[in-house]
Amino acid sequence: MTLRLIPANDNMSAEDLLNGLNERQSQAVRTTEGPVLIIAGAGSGKTRVLTYRIAYMLRLGVDASHILALTFTNKAAQEMKERIADLVGHGPARAIWAGTFHSIFARMLRAHAERLGYTSSFTIYDADDQLAAVKAVMNALGVSQQVLAPNMVRSKISNAKNAMMSWQEFARRADTIVDKQCAQIFEQYERRLAQSNSMDFDDLLLNMIRLLENHADVLEAYHERFRYLMVDEYQDTNRAQYRVVELLARKHRNICVVGDDAQSIYRWRGADIRNILDFERDYPNATTVRLEQNYRSTKTILAAADSVIRHNASQLKKTLWTDNVEGEKITLLPCRDDREEADAISRTIRARMDAKGLRYSDIAILYRTNAQSQSLEDALRRINMPYHIVSGVSFYKRKEVKDALAYLRLIVNPSDTESVLRVINEPPRGIGQTSLQHLQEHARATNVAMFDVLREADGVPSLQKRTVTAVQGFVRIIDEHRGLANELAPASLAQTYLEATGLLQFYKSQDTDEAQDRWNNIERILSHIAEQQEIDPELTLARYLEQVALVSEQDDPQLGTNRVALMTMHAAKGLEFPLVVIAGLEQGLFPLAKAEQDPKEQEEERRLFYVGITRARQELVLSYAERRYRFGELTFSRPSMFLSEINPDCFAASSRVMQRAGGPSLPPQRPTAAPAGRPSSPFTSRQAQPPRRTSPPSSTNEYSQVPSSDSYGQVPGDGPQYRMGMRVKHPMFGVGTIVALAGVGAQAKATVQFSNGAKKQLMLQYARLEVL
DNA sequence: AGAGCGTCGCTTTTT
DNA sequence: GCGACGCTCT
């Protein structure tokens, strides 16, 4: 957040807290009783309001333990806790329950697991475990993975659960062959997880609903305990989350939800925008507060964001405004390919840092897909610019890390079938596929949990003697170390245990760099456990595992350091940076190709772009590449439609290079044509670059031979000549007539009167107008 | 049982 | 371009 007018001060009164707030913010903070809907535009001080509201309640005498704050990401929860602690001190702050839906619910479910047929040591399955379970079920049912893509089945199941649909209901509604098969898999999947004493992410929500709906005493206890509820990012909640919140808030109705429909970017994961749109209906006496003053961004950035989001049909009414300065215009970096884009970005960053005295940590590069980070990283490394990738999940996705964690999960919860299957032959113990098949079939036939079958492996027919011995050895290691759980601290337990499994030795004995890496990674986990144990002496292995199951890798240690941040726009939500670069603004990438047909998806992509733009405080840089490597091959694309949706006035005036080019057929901008050594305009610095060398020989040749008509941002070849009165078609707005033309080259704009009544000013370079 | 090779799908985004 | 998976060979 931008403002911290009030220093941390334990003596601050409730009234003092209000002093640093604008009127709307103050109203939101003061309204502590009853339902409150806070519609918080980007940069309007949302987190500030939430934390001040909690501090205010504490000052009014509300007991900290009566407050429950639910967030969507760990990052948000963490920030909230810290900022509350800043305001009221660490003591009271600790008593507040603040966390993600999933982590808070997991904690509650552990306390009441027996009521739902689980033990408190249930395992949490992530998407990969989920997928493994789906595949196993499909195998058992004899469904070919060629015919039915396991991932599709997994997401169907997850979507159904997000919508609170049981497998029975799913089966009832299934009317296609595919859905009927999915229903069967769904059923078996649910049984399998239950038998594994495991919950997937969706179960954490669904089981909460079951718990609260079916156990009145538990519900009553939570009503007693949590009298004040706050929900952040309410626009991203799904129906199940909505239901839990509703149950928890039912008695006291002190529920405060904060959200911004314009920033709803998780529809794909079941987020239901109705939750926020319907709040006033669900809680008829709700107070609605609109936070519309933006404290974060310049007028230019806000205008750009606004011009983009206006293209969405459905949204709550609100008008963001700011007292901030006009600020720098937006810089656009048109590039030929991803490598050039990455270089242009790194050079632009360097130039802006020099010009503005920015630090690395003032800068973020945002992109649509994680795959885009590769070329950016390469470019940053080439010029020795420090960076870090935020929210890389990669570490916990590594095979050896997952194996190690699976082993640990097994001593906490031996019923965890997915973990058994994962590590039973890792390192190789001579328990191969055939043996596993027999074991699984036996488990299914006798309806005995996998681990119990392993315990009595000698009772399984058709299993070789040698295999039985191997299985028994595997079981013994786990059982023995389970016994040690009460005697040893988690760190030493994990150490001896993983040594006993042979996993560490397996990697250590191989003399390859890769094995060394893997060994290192397992060691990293062990030291991580030791570290966490330092922080929390009460730590158990179970608690540690829950932590890592629900926390994607957080680069906390690096977050405070002076580095450029690279992340997806999803990961950037809630953050802000003085300088933001959004890369890869191309049709097919952003918006993704998948969204191009579906208007709903397109609107979600647009909201995502809105989120990206509004992360910027002072300056925004946008870039695209005409060609880039995707899926290992060179693909071509046109500039994103979103570029043409930005009010053209927000863009920087054309650089000198651009002015040289005349005529509406758009500027030739060959790198070689630009004189080197110009001052630090992003365009000139980019163009001082020699032609790229990494592209395949053919395309390099192509480059050097292409004459100056090799233009940027325009359909290849000479673009159409636009004239006044011309009938044109826009992919988004439909048919219209050109009523005005202005500017030349890259700055050429047309004002078009569309037949639907809208009059738009469009940059010809990006508008992709079709002449009729 | 396990190594080696070829095929396929993949990248949307995350708890 | 990579990793997961399946098939084949030893």
Side-chain angles (χ1 to χ4, degrees), chain A residues 70-77 99-106 124-132 135 139 144-146 149-152 155 158 161-162 199-205 233 236-238 240-241 264-271 366-375 390-394 396-399 402 425-437 464 466-467 470 514 546-554 567-573 584 588-596 601 604-605 607-609 611-612 628-635 696:
Chain A
L70 295 170
T71 67
F72 225 71
T73 63
N74 294 294
K75 209 160 52 187
T100 63
F101 280 92
H102 291 85
S103 67
I104 296 276
F105 292 174
I124 297 168
Y125 277 9
D126 67 13
D128 285 335
D129 302 318
Q130 232 182 345
L131 188 64
K135 283 178 183 169
N139 271 338
S144 159
Q145 301 189 12
Q146 321 287 13
N151 233 328
M152 189 261 284
S155 84
S158 183
K161 292 174 87 163
N162 275 328
M199 300 188 195
D200 61 25
F201 284 144
D202 307 319
D203 287 328
L204 292 176
L205 308 178
E233 307 286 9
D236 286 333
T237 53
N238 62 31
Q241 286 160 326
S264 165
I265 53 175
Y266 287 105
R267 208 177 68 96
W268 53 274
R269 175 173 109 176
L366 310 181
Y367 36 78
R368 182 63 181 83
T369 66
N370 280 312
Q372 287 167 258
S373 74
Q374 193 60 58
S375 52
V390 176
S391 131
V393 282
S394 51
Y396 288 105
K397 286 210 158 159
R398 286 160 182 268
K399 172 183 163 21
K402 297 201 75 167
N425 203 31
E426 200 69 45
R429 305 192 164 82
I431 307 170
Q433 257 188 341
T434 333
S435 310
L436 269 183
Q437 202 104 47
Q464 288 184 12
R466 200 176 38 165
T467 315
E514 194 200 344
E546 174 162 320
Q547 254 179 50
V548 296
L550 296 174
V551 178
S552 56
E553 188 180 16
Q554 288 187 318
M567 69 192 98
T568 64
M569 273 168 279
H570 283 88
K573 197 162 76 153
L589 180 61
F590 191 30
L592 284 172
K594 206 177 151 194
E596 279 174 291
E601 298 232 2
E604 174 134 324
E605 296 282 305
R607 288 194 294 269
L608 187 58
F609 188 37
V611 168
R628 83 169 58 238
Y629 282 92
R630 291 183 81 187
F631 310 117
E633 62 184 330
L634 198 60
T635 57

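Throughout, a chain's letter reflects where its sequence line sits, starting with A, and its residues are numbered from 1.
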Residues at least two apart in sequence or cross-chain that pass ring-ring contact (aromatic ring centres under 6.0 Å, His included) with A:Y125, listed by chain then number, are none

message: Using 30° and 60° as the class boundaries, would you call the ring planes of A:F101 and A:F105 parallel, tilted or perpendicular?
response: perpendicular

A:F101 over B:dT15, stacked by centroid distance under 5.5 Å, angle under 30° = no

Against the side chain of A:T568, the closest entry in B:dG2, B:dT13, B:dT11 is B:dT13

Please list each protein N or O that sits under 3.5 Å from an N or O in nucleotides 5-10 of chain C, with the distance.
{"residue": "C:dC5", "atom": "OP1", "partner": "A:K135", "partner atom": "NZ", "Å": "2.7"}

note: A:Q372, atom CD; B:dT11, atom P; distance rounded to Å ~ 14 Å

To the nearest angstrom, the NZ-P distance between A:K161 and B:dT15 comes to 18 Å

Checklist entry - Touch check for A:Y266, heavy atoms < 4.0 angstrom, all strands: base, sugar-phosphate only, or nothing? => result sugar-phosphate

Item to complete: Could you check whether A:D126 gets within reach of a base, just the sugar-phosphate, or nothing at all, counting any heavy atom under 4.0 Å?
Response: nothing

- Taking only the side-chain nitrogens and oxygens of A:N151, find out if one of them lies under 4.0 Å from OP1 or OP2 of B:dG9. no

Rounded to whole Å, the CD-P distance (A:E233 to B:dT13) equals 19 Å

Interatomic distance, CH2@A:W268 vs NZ@A:K594, rounded to 0.5 Å, equals 10.5 Å

message: Measuring to OP1 and OP2 of B:dT15, would you say a side-chain N or O of A:N238 lies under 4.0 angstrom away?
response: no

Atom CD of A:E426 and atom C1' of B:dA1 are separated, to the nearest Å, by 14 Å

All stems that DNA chain B takes part in, i.e. 3 or more consecutive Watson-Crick or G-U pairs with distances under 3.5 Å, are B:1-10 with C:1-10

Taking CD in A:Q145 as the centre, count heavy atoms belonging to other residues, nucleotides or ligands within less than 6.0 Å. Is the count above 12?
yes

The reported gap from CD in A:Q241 to CG in A:D202 (rounded to nearest 0.5 angstrom) is 9.5 Å

Sorted by chain and number, sequence neighbours left out, side-chain contact (heavy atoms from CB on, under 4.5 Å) with A:A240 holds for A:M164, A:L205, A:L206, A:I209, A:N238

For A:T100, the side-chain contact (heavy atoms from CB on, under 4.5 Å) test, sequence neighbours excluded, returns A:T71, A:N74, A:H102, A:S103

Of A:R466 and A:W268, the one whose nearest nucleotide on DNA chain B sits closer to the 5' end is A:R466

inquiry  = Quick check on B:dA1: is either OP1 or OP2 less than 4.0 Å from any side-chain nitrogen or oxygen of A:S435?
reply    = yes

With the side chain defined as heavy atoms from C-beta on, A:H570 is closest, among B:dT11, B:dT13, B:dT15, to B:dT13

The side-chain hydrogen bond (donor to acceptor under 3.5 Å, both in side chains) partners of A:T635 (sequence neighbours excluded) come to none

Taking the side chain as everything from C-beta on, heavy atoms only, tell me whether A:L589 gets closer than 4.5 Å to A:R630.
yes

note: A:E633, atom CD; B:dG9, atom P; distance rounded to Å ~ 14 Å

Atom NZ of A:K402 and atom C1' of C:dG3 are separated, to the nearest Å, by 13 Å

Using the C1' atom as the point on both nucleotides, what is the distance between C:dG6 and B:dT11, in whole Å?
23 Å

Between CG of A:L592 and P of B:dC10 the distance, given in whole Å, is 14 Å

(message) Would you say that A:L592 contacts A:T369 through its side chain, given a criterion of any heavy-atom pair below 4.5 Å between the two side chains?
(response) yes

Here the gap from A:L550 atom CG to A:I104 atom CD1, rounded to the nearest 0.5 Å, amounts to 10.5 Å

**Asked** Would you say B:dA1 has OP1 or OP2 under 4.0 Å from some side-chain N or O of A:T434?
**Response** yes

TODO: With heavy atoms under 4.0 Å as the rule, sort A:F72 into base, sugar-phosphate or nothing.
DONE: sugar-phosphate

Rounded to whole Å, CD of A:E604 lies from P of B:dT14 at a distance of 13 Å

Assert: residue with more 5' nearest nucleotide on DNA chain B, out of A:T467 and A:A371, is A:T467

